[in-house]
Amino acid sequence: MEMNYSNCQLCPRRCCVDRRAGERGFCGCGDLALIAKTMLHKWEEPVLAGEGGSGAIFFGGCTLGCKYCQNRAISGGPVGVPTDSAGLRRMMEDLIREGAENIDLVTPTHFLPTILPALEPKLPVPVVYNCGGYERVESLRALAGKVDIYLPDLKYADGALAAKLSGTPDYFRVAMAAIEEMFAQTGPVRWEGDKVVGGVIVRHLILPGHVENSLRVLDWLGERFASGQILVSLMRQYTPMPNLAAPLDRTVTDEEYDAVLSWMMLNDLEGFTQDSSASDTEFIPDF
């Protein structure tokens, strides 16, 4: 598959617009990567961030548009400094000089034609592909050998919920295929000491009032992967954004989190958990 902004088919929405000619698809973005923020991010999973932090590069725009998104300030439209591949490479190298233990590409898919050249030659730290899980297998294949750690969400197993909250009734089918491809590229999780240097870490954000969705997500992961092949980051950090209807207008309860955590253990999945303090606007980067 050719990676370009003309007849754009980078994400599963396949808008087929010519972004170079000024046409805009779902993400609303043009043909230069929009960099909303770069930072040493200390709040990623400890096996990634370490003492130096992740070298996070937050891209503007998004291919999902989740109604509860905590990064709406940058994901809701074309926000950020237009940057070409050479400029993006300099940002990566600057973050590494500042002590970043990896380069963490956050919501990058709609800018792949700019990102791919910036990843050559290979960086001296792992590259993390931090995405919403709604990815085309054909696009992921262009990243083979360039990404060390995939950090996808697996948001939904419930198609109706995915349609309502993210406009993606096909989310589960698409994300399952994407995670399969990620694992095929990286193989099982690889460690160097207490750091993950390769593999797949799947994030799942528990949504208030939707425990059954979480249980189905964990069922699939437990059925597909042997214990320790991937890691699961079970996230309790849901923070209600303004103007959301019940039950999304509240945080996750102890009972909800405990039920999902127990299910994760029953599925023999290894990974990470969060306590209730993770649900706080303090942990949302200042964009």
Given 3.5 Å as the limit, does a donor-acceptor pair link the side chain of E181 with the main chain of V137, or not?
no
Could you name each residue pair satisfying salt bridge (charged side-chain N to carboxylate O under 4.0 Å, His left out) that touches residues 196-209, not counting sequence neighbours?
E44-R203, E45-R203
With a 4.5 Å heavy-atom cut-off, do L123 and N102 have their side chains touching?
no
R13: what forms a side chain to side chain donor-acceptor pair (under 3.5 Å) with it, not counting sequence neighbours?
none
Are the side chain of E270 and the backbone N or O of L231 linked by a donor-acceptor pair below 3.5 Å?
no
Taking the side chain from T83 and the backbone from V81, do they hold a donor-acceptor pair closer than 3.5 Å?
yes
What salt bridge (charged side-chain N to carboxylate O under 4.0 Å, His left out) pairs are there with at least one residue in residues 103-127, not counting sequence neighbours?
E120-K146, K122-D148
List the atom pairs, donor and acceptor, that lie under 3.5 Å between side-chain atoms in residues 162-171 and the rest of the protein, sequence neighbours left out.
from, atom 1, to, atom 2, distance (Å)
S166, OG, Y156, OH, 2.6
D170, OD1, Y134, OH, 2.8
D170, OD2, Y134, OH, 3.2
Y171, OH, G132, O, 2.7
Y171, OH, D153, O, 3.3
Y171, OH, K155, N, 3.0

Look at the side chain of H110 and the backbone N and O of G60, then say whether any donor-acceptor pair between them is shorter than 3.5 Å.
yes
Flag for E101-S54: side-chain donor and acceptor within less than 3.5 Å:
no
How would you list, by chain and number, every residue that makes a side chain to side chain donor-acceptor pair (under 3.5 Å) with T114, sequence neighbours excluded?
Y5
When rounded to the nearest 0.5 Å, the distance separating CZ of R20 from CG of N4 is 7.0 Å
Using salt bridge (Lys or Arg N to Asp or Glu O under 4.0 Å) as the criterion, list what pairs up with E180, not counting sequence neighbours.
R224
Quick one: are V128 and Y150 in side-chain contact, heavy atoms under 4.5 Å?
no
Just wondering, more than 12 heavy atoms not from D258 lying within 6.0 Å of its CG?
yes
Are any side-chain N or O atoms of R19 and backbone N or O atoms of G25, one a donor and one an acceptor, separated by less than 3.5 Å?
no
Do E135 and C131 have side chains that get closer than 4.5 Å, going by heavy atoms?
yes
Under a 4.5 Å cut-off applied to non-hydrogen side-chain atoms, are L161 and L207 in contact?
yes
